[in-house]
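Structure, as structure tokens:
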Amino acid sequence: TRCFNIKFMIGCLLSCLLPFHQTIMPLNNTKHLLVSAYMDQRVKDFDIRIIGIFRRDSIQPLHCFFCCTGYLSKTTPATILQHPDNFGFPFVTTDVMCQIPQNCNATHVTLLTTPDKESPSTDQWLPIRNKDTVGQKEENMQFDFTVCISNLFGDYNNVLQFAQTLEMYKLLGVNRVVIYNTSCGPELNRLLQSYSDEGFVEMVPWPIDKHLNPSRGWLHSEHGGDLHYFGQLTTLNECIYRSMERSRYVLLNDIDEIIMPYQHDDLMSLMNTLQNQHPNVGVFLIENHIFPKKHFEPSGRFHLPQWNGVPGINILEHIYRRTPILENATRFHSMFVGSFMSVALQGSLTLEQLNVDKRLWDFQENLIPNGTKC
Ligand SMILES: *[C@@H]1O[C@H](CO)[C@@H](O)[C@H](O)[C@H]1NC(C)=O
Ligand SMILES: *[C@@H]1O[C@H](CO)[C@@H](O)[C@H](O)[C@H]1NC(C)=O
Ligand SMILES: *[C@@H]1O[C@H](CO)[C@@H](O)[C@H](O)[C@H]1NC(C)=O
Ligand SMILES: *[C@@H]1O[C@H](CO)[C@@H](O)[C@H](O)[C@H]1NC(C)=O
Ligand SMILES: *[C@@H]1O[C@H](CO)[C@@H](O)[C@H](O)[C@H]1NC(C)=O
């Protein structure tokens with residue numbers, strides 16, 4: 001039997017009571033950051049997956065330490081799995097796999113740099129998520145579709161496009177949109193607050209800039225910084241685990257992308273068809289199409305007065321679609337479904353080289369607000 005360190009025990013009990021922990025936690029005595037912990041028993045011999053951001057040149061052996069109901073466990077060895085795509089940055093998304101000791105009803109976990117020290121002291125507990133939902137049947141899940149939007153940062157304030165896109169997601173059958181927020185512009189902040197109050201949007205604080213010098217680019221040799229694109233690969237992975245026990249499908253795309261079925265009315269009928277055709281497939285890749293923002297639909301019928309004061313792009317006004325570029329880039333977020341409404345990329349093509357695509361207009365009645373939502 002072991003002696004309990006009282007201070008330690010209180011820390012553990014307190015954090016068991018606290019409903020909320022910071023999303024990014026520097027791990028004591030290391031250069032690493034911990035994000036969250038999920039029950040994940042799909043891999044033999046492991047129960048817990050801790051998602052973190054590790055400094056690649058300083059990885060040391062670590063030990064999993066659990067807060068069980070009623071007592072603190074012995075440590076078990078941690079298995080550290082760095083993700084292969086680091087793009088040359090010093091920090092990389094990392095999964096740490098842990099085994100829960102026998103007879104421990106674990107509620108919280110943390111990592112230590114030394115095994116089973118006499119009286120380890122820590123207040124760095126991560127609550128273990130998905131504990132009560134793991135392994136539940138697909139039909140009991142809370143949501144059909146969750147969209148994961150990575151990293152909002154800078155003073156991004158494209159309110160009109162954001163609102164139209166969120167409404168479009170609703171019309172297509174999306175139940176939840178998870179957004180990782182480092183910062184955003186004032187009007188967009190208000191809009192997100194209201195969608196979050198109504199429960200459609202789940203805002204996850206992502207103050208990565210408080211801990212690292214995150215890069216705005218994707219390649220270290222070109223853009224410098226500590227971490228690829230504000231930690232996009234970490235947040236998208238986090239979102240997959242956050243969603244996997246409560247949502248039948250998870251869609252990874254940017255906020256300027258809409259996954260648009262063309263032969264079905266909504267995502268569920270599309271997925272029913274696809275799953276029938278491919279019963280053993282778990283991941284679908286969707287082709288990207290770009291709508292350059294410099295070309296406007298000529299009649300101006302969707303240039304509506306009620307949107308004049310709203311900052312951002314009106315996606316109903318952009319109907320010219322580029323033919324897809326067959327590129328083989330492994331952009332993580334081009335995975336899954338998407339008709340790509342890019343505003344960032346400006347094509348140099350003339351109108352004649354673009355295809356007219358008014359698919360969005362099929363949803364106009366429900367997309368144009370009667371009142372004053374914006
Ligand atoms: C494990 O702990 C949870 C929360 O503290 C509790 O609800 C549950 O009944 C416990 N399970 C067992 C088997 O003790
Ligand atoms: C760990 O770090 C926290 C702050 O993040 C500090 O309050 C605590 O005392 C540290 N614990 C140890 C054992 O270093
Ligand atoms: C987004 O993050 C910023 C910076 O922490 C915060 O001020 C703002 O309230 C957040 N917005 C929402 C809608 O959560
Ligand atoms: C994309 O990758 C596949 C498989 O690696 C290859 O067969 C194909 O030729 C590539 N396409 C292009 C356009 O490079
Ligand atoms: C607009 O008003 C009509 C009739 O009052 C209603 O049926 C429709 O749902 C409303 N649309 C929105 C987007 O609120």
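Values below: all heavy atoms of this structure, side chains included; hydrogens, waters and symmetry mates excluded. Both ligands and their constituent atoms are indexed starting at 1 by order of listing. Quick caveat: nothing in here was measured; it's all calculated off a predicted structure. Counting begins at 1 with the first residue of the sequence.
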### Query
Taking 4.0 angstrom as the limit, do D40 and R42 come out as a salt bridge?
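Judged by the 4.0 Å cut-off on N to carboxylate O distance, D40 and R42 do form a salt bridge.
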### Message
Between R242 and E202, does any NZ, NE, NH1 or NH2 come within less than 4.0 Å of an OD or OE carboxylate oxygen?
### Response
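Salt bridge between E202 and R242, a charged N being under 4.0 Å from a carboxylate O: yes.
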#### Entry: Per-atom contacts, ligand 1 versus T69 - under 4.0 Å to a heavy atom
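Near T69, the atoms of ligand 1 are 2 (O), 5 (O).
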### Message
Is the ring pair W218/H223 parallel, tilted or perpendicular, if the boundaries are 30 and 60 degrees?
### Response
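Tilted, since the angle between the ring planes falls between 30° and 60°.
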### F66 and its side-chain contact (heavy atoms from CB on, under 4.5 Å) partner, picked from L72, N105, T76
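Testing F66 for a side-chain contact (heavy atoms from CB on, under 4.5 Å) against L72, N105, T76 leaves exactly one candidate, T76.
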### Query
Is N105 in polar range of ligand 1, meaning some N or O pair under 3.5 Å apart?
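Such a contact does occur with ligand 1.
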#### Entry: Sorted by chain and number, the residues that approach ligand 3 to under 4.0 Å with a heavy atom
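Answer by chain and number: N181, T182, N189, L192, Q193, M203.
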### Residues forming a disulfide (SG to SG under 2.5 Å) with C104, sequence neighbours excluded
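If we apply the disulfide (SG to SG under 2.5 Å) test to C104, skipping adjacent residues, the hits are C68.
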#### Entry: Flag for H32-Q60: side-chain donor and acceptor within less than 3.5 Å
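The answer is yes; a qualifying pair exists.
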### Query
Centres of the F87 and H220 rings: under 6.0 Å?
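F87 vs H220: aromatic centres not under 6.0 Å.
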